[in-house]
Visitor: 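I have a structure here, written as structure tokens, and I will follow up with some questions on it.
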Amino acid sequence: MSAVNATRTVLLGIETSCDETAASVVARRPDGSFEVVSSVVSSQIDLHARYGGVVPEVASRAHIERINPVVAEAMREAGLQLGEVDAVAATVGPGLVGSLLVGVSAAKALSLVWGVPFVGVNHLEAHLFAPLLEDPGVAFPLLVLLVSGGHTMLLGMDRPGGYRLLGRTVDDAAGEAFDKVARYLGLGYPGGPVIDRLALEGNPTAIAFPRSMLHDGLDFSFSGLKTSVVNHVRRHPDVAAADVAASFQEAVVDVLVHKARLAAAQLGAAGMSLAGGVAANTRLRARWLAAGEADGRRAHLPSLAYCTDNAAMVAAAGLWRLAEQGPSALDCGVDPNLSLTPAV
Ligand code: KG4
Ligand code: ZN
């Protein structure tokens, strides 16, 4: 039985840009909506935790060991025999060069062996497809706050493929701030989920950490906040870690939500969506919904599994690119510094 039929296109997506080895089968229906048929993520967190961050050499070796079993599992979960897809996509950047090469090489090999097209996908664009995976009714223009370990951006999305950069961090990414503060507090890696959990037991108003508004433009800065946390804990060694976590998180979320609302108003956005790993944050998600309600905009919250790195979002972006622009050349390389648009 072939997966190719008149009603939908089925694509295998592969994601290996950082420390998750992931594969997913997604179908695109004729109306442009998506169906996630399978999604497998093998996290390397345990391997990197003892180093307090991702070690590139360890990451690429682990991807090499895991890529074939992860792809096989994604195909099995989808009920497909090897080769029963219409195309294969992989993240070509941005990310760690050794990690990217593993996924891209695997995808190109499968494309050759199976005789189906290969599509190179931008990891940042893939994150923007997370809200579209689950909600075919997303209205444009959409304001997207993309917050991950490497990026913090406010983007205006006029349609898939049409992006405008409205604001970005001038120093640390939001996820990086969570990771650095957690490491300083001795909470382990990655810091976001630990601070999120610990903050539930703390008082978000216990410590008045600074909110860096950079004169109310749409750019962000988080390095001063990180320094304030370090200085506060040095001066008050007995402070409750839960209060530090809750107060730090509140300071980050205040700035993110404040600037997103400004950007959405400036854009005349019909809706607003979160994307990226930090979009899994419980407090940010609650404040996002409240902001949408207060401003009369539809607030989109992708499922947690589609916020942090995964291959379903890569497959969706690949399906869209394939339909709009056709396949990528098999001699295309990886680009660790790939940007979303020429301006980003
Ligand atoms: O998108 P992602 O999985 O990988 C990158 O492309 O960077 O994002 C990872 C980042 C890490 O910095 C992690 O600490 C953060 O997302 N993160 C969170 C939460 N879950 C993951 N930050 C805050 N709260 C969370 N619940
Ligand atoms: Zn990511």
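These values consider heavy atoms only, across backbone and side chains, with no hydrogens, waters or symmetry-generated copies. What you see is a predicted model, and the numbers here were worked out from it, not measured in a lab. Both counts, for ligands and for their atoms, begin at 1 and track the order of listing. For the single chain, residues carry numbers from 1 onward in sequence order.
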Visitor: Quick test of your reading of the model: are Arg211 and Glu250 salt-bridged, counting only N-O distances below 4.0 Å?
Guide: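 Salt bridge: no.
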
Visitor: Consider only side-chain N and O atoms of His123 and Glu15, and report whether a donor and an acceptor are under 3.5 Å apart.
Guide: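 Yes, Glu15 and His123 have a side-chain donor paired with an acceptor closer than 3.5 Å.
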
Visitor: Check salt bridge (Lys or Arg N to Asp or Glu O under 4.0 Å) between Asp172 and all other residues, then give those that pass, not counting sequence neighbours.
Guide: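 For Asp172, the residues satisfying salt bridge (Lys or Arg N to Asp or Glu O under 4.0 Å) (neighbours in sequence not counted) are Lys180, Lys226.
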
Visitor: Any donor-acceptor pair under 3.5 Å linking the side chain of Asp219 with the backbone of Arg168?
Guide: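 Pair found, side chain donor or acceptor close to backbone of Arg168.
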
Visitor: I'd like to know if the side chain of Thr152 and the backbone of Ala173 have a donor-acceptor N/O pair within less than 3.5 Å.
Guide: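 Here the side-chain-to-backbone pair does not exist.
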
Visitor: Under a 4.0 Å threshold between the charged nitrogen and the carboxylate oxygen, would Lys259 count as salt-bridged to Asp254?
Guide: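 No.
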
Visitor: Would one find an N or O of Asn281, backbone or side chain, under 3.5 Å from an N or O of ligand 1?
Guide: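 Checking ligand 1 against Asn281, an N or O pair does fall under 3.5 Å apart.
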
Visitor: In terms of residue, atom name and distance, what is the protein heavy atom nearest to atom 11 (C) of ligand 1?
Guide: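 The closest one turns out to be Asp179 OD2, 3.6 Å.
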
Visitor: Counting N and O atoms only, with roles assigned by atom type, does the side chain of Arg297 sit under 3.5 Å from a partner on the main chain of Ala269, one being a donor and the other an acceptor?
Guide: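 Answer holds: yes.
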
Visitor: Under 4.0 Å, heavy atoms only, figure out whether ligand 1 is touched by the backbone of Thr308, its side chain, both or neither.
Guide: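 The part of Thr308 near ligand 1 is both the backbone and the side chain.
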
Visitor: Can you pull out the closest protein heavy atom to atom 3 (O) of ligand 1? Residue, atom name and distance to 0.1 Å, please.
Guide: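 Of the protein heavy atoms, Asp309 N, 3.0 Å lies nearest.
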
Visitor: Glu20 to ligand 1: N or O pair under 3.5 Å?
Guide: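 Not met; the criterion fails.
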
Visitor: Provide the number and element of each atom of ligand 1 under 4.0 Å from a heavy atom of Gly175.
Guide: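 Counting atoms of ligand 1 from 1, those under 4.0 Å from Gly175 are 12 (O).
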
Visitor: What distance separates Ser24 OG from Leu12 CG, expressed to the nearest 0.5 Å?
Guide: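 It comes to 8.0 Å.
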
Visitor: Taking only non-hydrogen atoms of Cys18, do any sit less than 4.0 angstrom from ligand 1?
Guide: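 Per 4.0 Å heavy-atom rule, Cys18 does not contact ligand 1.
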
Visitor: With no hydrogens and no angle check, is any side-chain donor or acceptor of His63 less than 3.5 Å from a backbone partner on Cys18?
Guide: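 Indeed, once roles are kept as given, a pair shorter than 3.5 Å links the two residues.
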
Visitor: Please work out, at 4.0 Å between heavy atoms, whether the side chain, the backbone, both, or neither of His151 comes within that distance of ligand 1.
Guide: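 The answer is neither.
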
Visitor: Would you find a donor on one side and an acceptor on the other, under 3.5 Å apart, between the side chain of Arg29 and the backbone of Phe34?
Guide: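 Checked: pair present.
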
Visitor: Strictly under 2.8 Å of the Zn ion (ligand 2): which protein N/O/S atoms qualify?
Guide: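 Per the 2.8 Å query on the Zn ion (ligand 2), atoms found are His123 NE2, His127 NE2, Asp309 OD1.
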
Visitor: Nearest non-hydrogen contact with atom 25 (C) of ligand 1 belongs to which option: Ala130, Gly192, Cys307, Gly149?
Guide: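 It is Gly192 that holds the nearest heavy atom.
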
Visitor: Which class fits the ring pair Phe248 and Phe178: parallel under 30°, tilted 30 to 60°, perpendicular over 60°?
Guide: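 Ring orientation, 0 to 90° scale: perpendicular.
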
Visitor: Which atoms of ligand 1 have any heavy atom of His123 under 4.0 Å away?
Guide: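 Answer, ordered by atom number: 6 (O).
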
Visitor: Starting from atom 26 (N) of ligand 1, which protein heavy atom do you reach first, and at what distance in Å?
Guide: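 Sorting protein heavy atoms by distance from atom 26 (N) of ligand 1 puts Asp196 OD2, 2.8 Å first.
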
Visitor: Return the residue, atom name and 0.1 Å-rounded distance of the protein heavy atom closest to atom 17 (N) of ligand 1.
Guide: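 Heavy-atom neighbour on the protein nearest atom 17 (N) of ligand 1: Gly277 O, 3.5 Å.
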
Visitor: Decide whether an N or O pair under 3.5 Å exists between Gly276 and ligand 1.
Guide: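 Not met; the criterion fails.
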
Visitor: Could you tell me if His127 and Asp309 have a donor-acceptor pair between their side chains, going purely by distance under 3.5 Å?
Guide: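 Their side chains do contain a donor-acceptor pair, which is all the 3.5 Å distance test asks for.
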
